[in-house]
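Below is one structure, written out as structure tokens, with a few remarks after it.
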There are 2 protein chains.
Amino acid sequence: MDYSSETERKIVQAATEVFIQKGKDGARMQEIAHRAGINQALLHYYFRSKDRLYREVFKNEVSRQFRDFFNSVPVTEEMQEFLHSFIHHYIDKLHENPQLIRFILWEIGSGGENFPELFQEIFDSASKISPQSAIEKIKQAVQRNEIRQVDPYNLLFSIIGLCIYTFLAQPLLKKLFPEIDFTANEFIEKRKEEVFNLIWHGIKP
Amino acid sequence: MDYSSETERKIVQAATEVFIQKGKDGARMQEIAHRAGINQALLHYYFRSKDRLYREVFKNEVSRQFRDFFNSVPVTEEMQEFLHSFIHHYIDKLHENPQLIRFILWEIGSGGENFPELFQEIFDSASKISPQSAIEKIKQAVQRNEIRQVDPYNLLFSIIGLCIYTFLAQPLLKKLFPEIDFTANEFIEKRKEEVFNLIWHGIKP
DNA sequence: GTCTATAATAAGATAGAC
DNA sequence: GTCTATCTTATTATAGAC
């Protein structure tokens with residue numbers, strides 16, 4: 001994530017924007033070069049090929065996404081409070097870059113020519129990251145009767161899914177319900193509370 | 001959706017597969033032609049350009065998705081029963097083609113050069129389709145005290161989001177939790193019940 | 001309607017000067 | 001490190017025979 005030269009930084013910055021917006025196949029090296037304020041030759045000088053540049057960007061963004069996801073929230077013992085702050089923090093993070101999640105899900109779904117090793121790197125390098133610990137936390141809450149009997153895996157990605165879908169659906173929702181501004185801050189704030197309430201009522205004992 | 005010639009049908013069939021898997025930019029006319037058992041010249045003879053062929057496929061799939069979504073489920077008055085059968089039916093539909101939803105969300109998110117008119121067509125043509133009626137149904141259930149006070153928009157796409165995310169996340173989940181087979185039928189069955197229970201507990205009075 | 005052959009162009013990548 | 005000019009290949013699209 002830290003690059004020695006300023007040019008390198010500008011390239012990765014530009015590439016990230018273009019890849020996220022257009023996807024790997026839709027992205028054009030020319031556009032990336034242009035946005036970075038350089039030419040294609042220099043692009044290849046630094047990253048050798050589109051594929052390598054893409055891998056760099058993808059790795060950065062996925063690992064950032066996971067760091068945000070698992071670390072951005074104060075760890076509270078009590079389940080209700082934890083859930084509340086988690087949902088608020090995560091939706092805020094997603095709100096900062098609504099396109100990112102679409103990009104990641106698309107590329108992950110493209111099946112992993114490169115990805116097995118890539119995921120290895122991400123999970124190895126980020127020490128605090130642990131999907132397993134989230135599952136454990138839920139299991140314990142069930143045992144302590146803090147929440148009702150639920151499948152921990154299903155609950156975990158129900159929470160994630162509700163947060164993520166908020167932004168995945170936005171372009172469609174604008175078409176379906178033009179009377180509402182789904183990108184407005186007030187909608188996002190309301191969404192947070194509605195998601196929290198739905199889940200909390202859904203799992204409290 | 002009905003094409004005069006057999007060749008036309010085969011082309012659209014092949015194009016649908018390729019576009020869904022690779023996306024618009026990643027798809028290759030050569031591959032589509034090959035899968036349809038013809039050559040590229042004939043492809044252009046029928047559909048003139050990649051863009052037109054793509055529009056045809058996209059329109060078909062989106063409208064099919066909406067038909068399935070709004071029509072595939074028996075309309076029950078009682079909320080709990082309706083919710084249960086709706087979730088089961090919709091997850092079953094999505095399960096038939098898990099890649100489809102990723103394709104649609106990606107393309108919708110790509111922003112609508114062509115799409116405004118396209119959506120018009122879809123919603124005009126499909127008479128039974130009505131997002132508004134779903135919202136109304138929820139509002140009534142709230143008034144009748146069948147469910148607690150919730151925002152109908154948020155509830156509607158929370159339901160949709162939970163169903164959809166089941167399949168969006170699959171490739172990632174396989175990596176995160178290799179100990180579980182998320183594509184197995186038993187997982188899907190369990191998922192249906194967990195989603196229903198979460199929502200129903202989440203909204204019952 | 002369907003094919004082979006080919007044009008036209010777009011896009012990634014490199015050579016070589018500075 | 002950075003640029004201009006250029007090569008190579010992939011990809012869409014069409015011309016023209018059958």
Side-chain angles (χ1 to χ4, degrees), chain A residues 1-61 103 106-107 110-111 113-115 118, chain B residues 1-61 103 106-107 110-111 113-115 118:
Chain A
M1 260 287 220
D2 52 356
Y3 302 99
S4 37
S5 81
E6 179 61 21
T7 306
E8 218 169 338
R9 243 190 310 282
K10 282 194 297 188
I11 291 174
V12 173
Q13 169 64 28
T16 302
E17 292 169 18
V18 175
F19 278 130
I20 286 178
Q21 214 199 328
K22 308 273 176 77
K24 183 183 176 181
D25 295 320
R28 293 291 163 254
M29 294 297 266
Q30 174 50 39
E31 185 181 356
I32 293 172
H34 182 72
R35 280 212 208 187
I38 57 164
N39 56 44
Q40 286 201 52
L42 203 53
L43 214 54
H44 283 82
Y45 171 79
Y46 277 101
F47 289 93
R48 188 136 191 99
S49 74
K50 184 182 183 182
D51 209 66
R52 285 188 193 222
L53 179 54
Y54 168 76
R55 264 208 289 270
E56 185 65 23
V57 168
F58 183 79
K59 191 175 65 186
N60 283 174
E61 291 305 306
F103 166 73
W106 174 268
E107 293 301 328
S110 297
E113 299 104 45
N114 332 321
F115 303 158
L118 208 151
Chain B
M1 259 287 219
D2 52 357
Y3 301 99
S4 37
S5 81
E6 178 62 21
T7 307
E8 220 169 338
R9 240 189 311 282
K10 280 194 298 188
I11 291 175
V12 173
Q13 169 64 28
T16 303
E17 291 169 17
V18 176
F19 278 129
I20 287 178
Q21 213 198 327
K22 307 272 177 75
K24 183 183 178 181
D25 296 319
R28 293 290 163 253
M29 295 296 266
Q30 174 49 39
E31 186 180 355
I32 292 171
H34 181 72
R35 281 211 209 186
I38 57 164
N39 57 44
Q40 288 201 50
L42 203 53
L43 213 56
H44 282 82
Y45 171 79
Y46 276 101
F47 289 91
R48 189 137 191 96
S49 74
K50 184 181 182 182
D51 208 66
R52 286 187 192 223
L53 179 54
Y54 168 76
R55 264 209 288 271
E56 185 67 22
V57 167
F58 184 78
K59 191 175 64 185
N60 284 173
E61 291 306 305
F103 166 73
W106 174 267
E107 293 299 329
S110 296
E113 299 105 43
N114 331 322
F115 302 157
L118 207 151

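Below, chain A is the first sequence line, B the second, and so on; all start at residue 1.
- Taking the charged nitrogens against the carboxylate oxygens, D51(A) and K24(A) do have a contact shorter than 4.0 Å, which makes a salt bridge.
- Computed from coordinates, the F47(A) CZ to dT2(D) P distance equals 12 Å when rounded to whole Å.
- The pair K10(A)-E6(A) does not count as a salt bridge, with every side-chain nitrogen at least 4.0 angstrom from each carboxylate oxygen.
- For L43(B) and dT12(D), the CG to P distance is 10 Å, given to the nearest whole Å.
- Going from atom NE2 of H34(A) over to atom C1' of dC3(D) covers 16 Å, rounded to whole Å.
- Contact check, N39(A) against dT2(D): no side-chain N or O comes under 4.0 Å of OP1 or OP2.
- Among dT4(C), dT14(C), dT2(D), the nucleotide with an atom closest to any side-chain atom of R48(A) is dT14(C).
- The CG atom of D51(A) sits 16 Å away from the C1' atom of dT9(D) (whole-angstrom rounding).
- The phosphate of dT12(D) (OP1 or OP2) has a side-chain N or O of R28(B) nearer than 4.0 angstrom.
- The residue S49(A) sits close only to the backbone: its heavy atoms come under 4.0 Å of sugar-phosphate atoms, none of a base.
- A side-chain donor-acceptor contact under 3.5 Å links E56(B) and Y3(B).
- Rounded to an integer number of Å, the gap from CE of M29(A) to C1' of dT14(C) is 13 Å.
- When distances run from any side-chain atom of L42(B) to the nucleotides dC3(C), dT14(C), dG12(C), the shortest one goes to dC3(C).
- Out of dT2(D), dA13(C), dG1(C), the shortest distance to the side chain of K50(A) is found at dA13(C).
- Residue T7(B) is in sugar-phosphate contact alone, with no base atom involved, counting any heavy-atom pair closer than 4.0 Å across all strands shown.
- Here dC3(D) is the nucleotide among dT12(D), dC3(D), dT14(D) with the atom lying nearest to any side-chain atom of I38(A).
- Residue contacts shown for A27(A) are limited to sugar-phosphate atoms, with no base heavy atom under 4.0 Å away.
- F19(B) has its ring centre no less than 6.0 Å from the ring centre of F58(B).
- Between H44(A) and dA13(C) there is a side-chain N or O to OP1 or OP2 distance below 4.0 Å.
- As rounded to whole Å, 11 Å separates atom P of dT12(D) from atom NZ of K24(B).
- Rounded to an integer number of Å, the gap from CD of Q40(A) to P of dT8(D) is 17 Å.
- Contact annotation: Y45(A) does not reach the phosphate of dT14(C) (side-chain N/O to OP1 or OP2, under 4.0 Å).
- When the P atom of dA13(C) is taken as reference, atom OH of Y54(A) falls 15 Å away, rounded to whole Å.
- To the nearest 0.5 angstrom, R28(A) atom CZ is 16.0 Å from H34(A) atom NE2.
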